[in-house]
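Report on the following structure.
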4 protein chains.
Amino acid sequence: MSHPGAGPESDGESKEARILRSALSEFCRKGFHRATMEDIAAGAGVGKGTLYLYFRSKQALLEEIFRLGLEGYTAGIRAVAGGSEPARTRLGKIAAFALEYAAANREFARLAQEGPVGMREEFKRWLLDLQGRILETVRQVAQEGVEAGQFRKVDPELVANLFMGGIHSAVTALVWGEGRRDPREVADALTDIVVEGAGRRD
Amino acid sequence: MSHPGAGPESDGESKEARILRSALSEFCRKGFHRATMEDIAAGAGVGKGTLYLYFRSKQALLEEIFRLGLEGYTAGIRAVAGGSEPARTRLGKIAAFALEYAAANREFARLAQEGPVGMREEFKRWLLDLQGRILETVRQVAQEGVEAGQFRKVDPELVANLFMGGIHSAVTALVWGEGRRDPREVADALTDIVVEGAGRRD
Amino acid sequence: MSHPGAGPESDGESKEARILRSALSEFCRKGFHRATMEDIAAGAGVGKGTLYLYFRSKQALLEEIFRLGLEGYTAGIRAVAGGSEPARTRLGKIAAFALEYAAANREFARLAQEGPVGMREEFKRWLLDLQGRILETVRQVAQEGVEAGQFRKVDPELVANLFMGGIHSAVTALVWGEGRRDPREVADALTDIVVEGAGRRD
Amino acid sequence: MSHPGAGPESDGESKEARILRSALSEFCRKGFHRATMEDIAAGAGVGKGTLYLYFRSKQALLEEIFRLGLEGYTAGIRAVAGGSEPARTRLGKIAAFALEYAAANREFARLAQEGPVGMREEFKRWLLDLQGRILETVRQVAQEGVEAGQFRKVDPELVANLFMGGIHSAVTALVWGEGRRDPREVADALTDIVVEGAGRRD
DNA sequence: CATGAATGAGACTTCATTCAT
DNA sequence: CATGAATGAAGTCTCATTCAT
C-alpha cells in the first residue's frame with residue numbers, strides 16, 4: 001500500500017478522509033494560520049504525528065484540500081459547459097452546478113473565498129491557472145453563443161467575468177447568509193439577467 | 001530636522017500615514033501573517049515601538065487600513081448611486097467609480113481581495129455588514145429602476161449581486177493582470193451587458 | 001525462501017548481523033542522531049519493529065556496535081603486545097595491527113573517531129576505561145622496554161600516549177584521506193620515529 | 001551598533017559572551033544534540049528568543065564557539081611555530097602552547113574532541129581545512145629541522161602526525177583524567193621522546 | 001514621544017518506540 | 001517471530017508585544 005491505513009476504518013471513513021475533513025473544518029473556522037495541527041489531529045481522532053504520515057506538511061494539507069475540492073468543481077463545470085445546447089442553457093447549467101456545488105460543500109466554499117493564504121507561490125500560480133481555465137471555459141460558451149447568433153456582439157470575456165463574478169457573489173451570500181434561497185432558482189434568475197438584461201424591452 | 005518651523009513632518013506625511021502606507025504595502029506583498037511589525041516599522045522609517053503609539057496591535061493596524069480604504073469606497077459608491085438619473089446611468093457611474101477607485105488604490109484592492117484573513121470575528125462581521133450595505137445601495141438603484149419602469153421585473157437583489165460580482169471580477173483582472181484596459185470602458189461594457197443582456201434582441 | 005533446508009538465513013548473514021551492519025553504515029554516514037531507525041531497518045531489509053526484537057533501543061544498537069568493534073580491536077592489540085620479543089618489535093606489531101584493523105573496518109574506524117556521541121554516561125565511562133586499558137597495555141610494553149634496557153628512562157605512559165596518538169592521527173588520514181598509503185609501511189615509520197627519534201644521532 | 005546589547009553589562013560580561021559560555025558549557029556537558037536552547041538561555045540568564053538575536057541558529061552558535069576557540073588556538077600555534085630557533089625548541093613550544101591552551105579551555109577542549117557533530121558539511125570542511133593547515137605548520141617545522149640537519153631524514157608529515165596525535169592523546173588525558181600533570185612538563189617530555197626517541201642510545 | 005533589545009508563548013515537525021495484527 | 005501504522009514527547013525557531021531608557 002502506498003499509504004498507511006488505506007484499508008477500511010471501523011467508522012466507515014478512511015483516516016486520510018477524516019484528516020481532510022477535520023482540516024477543512026479547522027481551516028474554514030479559523031483560517032489557515034490560526035488553525036493548529038494539534039486541533040486538526042484531535043478533530044480527526046488521530047495523533048499529531050499521524051497527520052505527517054498522510055501529508056508532508058500543513059501547507060500540503062491545505063493544498064490537497066484545494067486540489068480535491070477544485071478538481072470536482074472544474075470537472076463539473078467543464079462537463080455541463082461542454083454540451084451542444086444553446087449557450088443560454090449551458091450558462092444556466094454552469095450557474096446551477098456552481099451554486100449547488102457550493103451549497104453541498106459550504107465549508108470548502110467558504111475556505112476558497114479566503115483566497116490563497118498560506119500557499120506556496122507555486123501553488124498559487126496553479127490556482128490562478130485553474131481559475132483562468134474555468135473563465136476560459138465560460139468565455140468559450142459565450143463566444144459560441146455570439147457565433148451562433150444567439151448572443152449579440154458582446155465581448156465574450158467580459159460576459160464570462162460578469163457571469164462568474166455574479167456567481168461568486170451569489171455564493172458568498174449563499175454560504176455566509178442565513179436566509180437560504182434555492183440554488184437552482186438563483187442560478188436561473190442570474191442567467192436570465194445576464195442573457196436578457198435587466199433593462200426593459202420595448 | 002532640516003527646516004525648523006516646517007511643522008512636525010517636513011516630509012509631508014504624518015507618521016501615522018507613513019505607518020499605514022507601509023503596513024498596506026507589506027500586507028499586500030506578503031499577506032497579513034507573513035508581514036512582520038519589524039518590516040512595517042522599517043518601511044515607515046520609524047522604530048518598532050512607535051507602531052504601538054499609533055495602533056494598539058497588528059490587527060488594529062489591518063483593520064484601520066480596511067476602515068479607511070472602505071470608507072472612501074462606500075462614500076463614493078453612495079454618492080454616485082444617489083442621484084436622480086436613470087438607473088442605468090447610476091449603475092454605470094457605480095461601476096466606473098469602483099473600477100477607478102481600484103485602479104487608484106491597487107495595493108488596497110489587492111489586499112481587500114485576499115479576504116478577511118487575520119481579522120477578529122467582530123471585525124469580519126463589520127466587513128460583511130458593510131458589504132451588505134453596499135449591495136443594498138446597488139439593490140436600491142435596481143429596485144428604483146424597476147419601479148420607474150426602466151427595468152423589467154427582475155429581482156433587484158440578484159441584479160446587485162450580479163453587478164457587483166462582475167465588478168469584483170473585473171477588478172481582479174485589473175489589479176493583477178498586466179494588459180490594462182481602461183476602467184471607464186470596462187465599466188460601460190459591464191453596465192451595458194447587465195442592462196441590455198447578452199442575448200440577441202429580435 | 002528459494003532453498004529450503006538452507007537454514008533460516010539463506011543469504012548467509014543472520015538478521016542481527018544485517019542490522020548491525022546497516023546501523024554501522026547509517027551511523028557512519030549520518031552520525032548517530034541524524035540516522036533514523038527507519039533507515040537502519042530498511043538497510044537491513046527488515047521491518048522497523050524487528051530492530052527492537054534484537055536490540056533494546058537505538059542507543060543499545062550503537063553501544064553494541066562499539067562493543068563488538070572494540071572487542072576485536074583490544075583483543076588484537078593485547079595479543080600482539082603480549083609476546084616476549086623486544087619492545088620495539090611489539091610496538092611495531094601494535095601499530096601494524098591497529099592500522100590494518102582500521103583499514104579493514106573503515107566505517108567503524110570513522111564512527112569511532114566521532115567520539116562518544118549519543119551514548120549514555122555509563123557507556124562513555126566504559127569506553128574511557130577501555131581506552132585506558134589499551135593505553136595501559138602499550139604502557140606496559142614501553143615499561144618493559146625500559147626495564148630491559150632497550151629503551152632509555154622515558155616515562156612509559158607518555159610513550160604510550162604519544163604512540164597511540166600517532167596511530168590515531170594516522171588512522172584519521174587513512175580512513176578519510178584519498179591517497180592511501182600502505183598501513184604496514186606507515187606503522188613501521190611511526191615506530192621508527194618513536195623509538196629512534198626524529199633527531200640526528202651524532 | 002551591529003549587534004544588540006553591545007554595551008557593557010552590569011555583571012561585567014556582554015550578553016553575547018554569556019550566551020557563548022553557557023552554550024559551550026551545555027554542549028560540553030550534554031553534547032550538541034542533547035543540549036537545548038532553553039537550557040542554554042537559562043544558563044546565560046536570558047530569554048529563549050534572545051539567543052536568536054545574537055545567533056541565527058543552534059548550529060550557528062556551535063560553529064561560532066568553534067570559530068572563536070580555534071582562532072586563538074591556531075594563531076597561538078602559528079606564532080610559536082614561526083620563530084627561527086631550532087626545530088626542537090619550536091616543537092616544544094607548540095606542545096606547551098597546545099597543552100596549556102587545552103588546560104585553560106577545558107570545556108572547549110572536551111567539546112572539540114567530540115568531533116564535528118551537528119555541523120553543516122560546509123563548516124566541517126572548514127574545520128578539516130584548519131586542521132590540515134595546523135598539521136602543515138608543524139610539518140614545516142619538522143621539514144626545516146631536517147633541512148637544517150637537526151633532524152635525520154624522517155618523513156616530516158609523519159612526524160607532524162605523530163607529534164600532534166601525541167598532543168591530542170595527552171590532551172584527552174589532561175581534560176578527562178583526574179590526576180592532573182603540569183602541561184609544560186608533559187610538553188617537554190613529549191617533545192623529548194619525539195626528538196630523541198624512546199630507544200636507548202649506545 | 002521614540003526606540004529597539006528583550007521576551008516567551010506557541011506552532012510545526014521529527015522520530016524513537018509501541019503494539020495489534 | 002515480524003511488521004509498520006500510530007503515537008506524542010520534545011525541540012527549534014518566530015514574532016507580536018513590552019518597557020526601560
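Values reported hereafter were calculated over all heavy atoms of this structure, with side chains retained and with hydrogens, waters and symmetry mates removed.
- If D:Q59 and C:V46 are placed on DNA chain F by their nearest nucleotide, the residue sitting closer to the 5' end is C:V46.
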Identify all pairs in which a protein N or O lies below 3.5 Å from an N or O of nucleotides 19-21 of chain F, and state each distance.
none

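- Applying the side chain to side chain contact (heavy atoms under 4.5 Å, CB included) test to A:A42 and every residue at least two apart in sequence or in another chain returns nothing.
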Report the C-alpha separation of A:L111 and A:F66 in whole Å, then their side-chain angles, then the decisive distance to 0.1 Å, and conclude whether the side chain to side chain contact (heavy atoms under 4.5 Å, CB included) test is met.
CA-CA 9 Å; A:L111 180 60; A:F66 268 83; 4.0 Å; yes
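- Residues D:T50 and C:T50 each lie close to DNA chain F; by heavy-atom proximity, the contact nearer the 5' end of the strand is made by C:T50.
- Each of C:H33 and D:G47 was assigned the nucleotide of DNA chain E with the nearest heavy atom; the assignment lying further toward the 5' end belongs to D:G47.
- Among residues two or more places apart in sequence or in another chain, the salt bridge (charged side-chain N to carboxylate O under 4.0 Å, His left out) test is passed with D:R125 by none.
- In terms of the side chain to side chain contact (heavy atoms under 4.5 Å, CB included) criterion, residue partners of B:L130 (sequence neighbours excluded) are, by chain and number, B:L70, B:T74, B:W126, B:R133.
- For the OP1/OP2 pair of F:dC1 and a distance below 4.0 Å, the side-chain nitrogens and oxygens of C:K15 include no atom meeting the criterion.
- With rounding to whole Å, C:R18 atom CZ is found 12 Å from F:dA2 atom C1'.
- With sequence neighbours excluded, no residue satisfies salt bridge (charged side-chain N to carboxylate O under 4.0 Å, His left out) with D:K58.
- Listed by chain and residue number, nothing satisfies the side chain to side chain donor-acceptor pair (under 3.5 Å) test with A:N105 (two or more places apart in sequence, or in another chain).
- B:E16 meets the salt bridge (charged side-chain N to carboxylate O under 4.0 Å, His left out) test with no other residue; sequence neighbours excluded.
- Evaluation of the side chain to side chain contact (heavy atoms under 4.5 Å, CB included) rule for D:E63 yields D:Q59, D:R67, D:M119, D:R120, D:F123 as partners, not counting sequence neighbours.
- Per the geometry, CD belonging to A:E26 stands 11 Å off P belonging to E:dC12, to the nearest Å.
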Could you go through D:W176 and D:Q113, starting from their C-alpha distance and side-chain angles, then the distance that decides it, and tell me whether this counts as side chain to side chain contact (heavy atoms under 4.5 Å, CB included)?
CA-CA 11 Å; D:W176 290 105; D:Q113 295 204 334; 3.5 Å; yes
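- Between A:R56 atom CZ and E:dC12 atom P the separation is 17 Å, expressed in whole Å.
- Within residues 34-44 of chain C, the residues approaching DNA chain E are C:A35, C:T36, C:M37, by heavy-atom distance under 4.0 Å.
- You'll find that the side chain of A:L53 is closest to F:dA5, out of F:dA5, F:dT17, F:dT3.
- Within the 4.0 Å cut-off from OP1 or OP2 of E:dC1, not a single side-chain nitrogen or oxygen of B:Y54 is found.
- Among the nucleotides F:dG11, E:dT7, E:dT17, the one closest to the side chain of C:K58 is E:dT17.
- Counting only Watson-Crick and G-U wobble pairs whose two key distances fall under 3.5 Å, DNA chain E forms stems of three or more stacked pairs at E:2-21 with F:2-21.
- Applying the 3.5 Å distance criterion, the base of E:dG10 shares a donor-acceptor pair with the side chain of D:K48.
- Atom CD in C:E16 sits roughly 14 Å away from atom C1' in F:dC1 (whole-Å rounding).
- Listed by chain and number, the residues in a salt bridge (charged side-chain N to carboxylate O under 4.0 Å, His left out) with A:E71 amount to none (sequence neighbours excluded).
- For A:V117, the side chain to side chain contact (heavy atoms under 4.5 Å, CB included) partners are A:H33, B:E114, B:V117, not counting sequence neighbours.
- Using bins of under 30°, 30° to 60° and over 60° for the plane-to-plane angle, the ring pair B:F32/B:F27 lands in the tilted bin.
- In this entry the distance linking CG of D:L51 with P of E:dG8 reads 12 Å, nearest Å.
- Protein atom CG of C:L62 is 17 Å distant from nucleotide atom C1' of E:dC15, rounded to whole Å.
- Remark on DNA chain E: of its neighbouring residues C:F32 and B:G45, the 5'-side contact belongs to B:G45, judged by nearest-heavy-atom nucleotide.
- For the OP1/OP2 pair of E:dA16 and a distance below 4.0 Å, the side-chain nitrogens and oxygens of C:S57 include no atom meeting the criterion.
- Taking atom CZ on B:F55 and atom P on F:dT18, their separation rounds to 16 Å, with Å as the unit.
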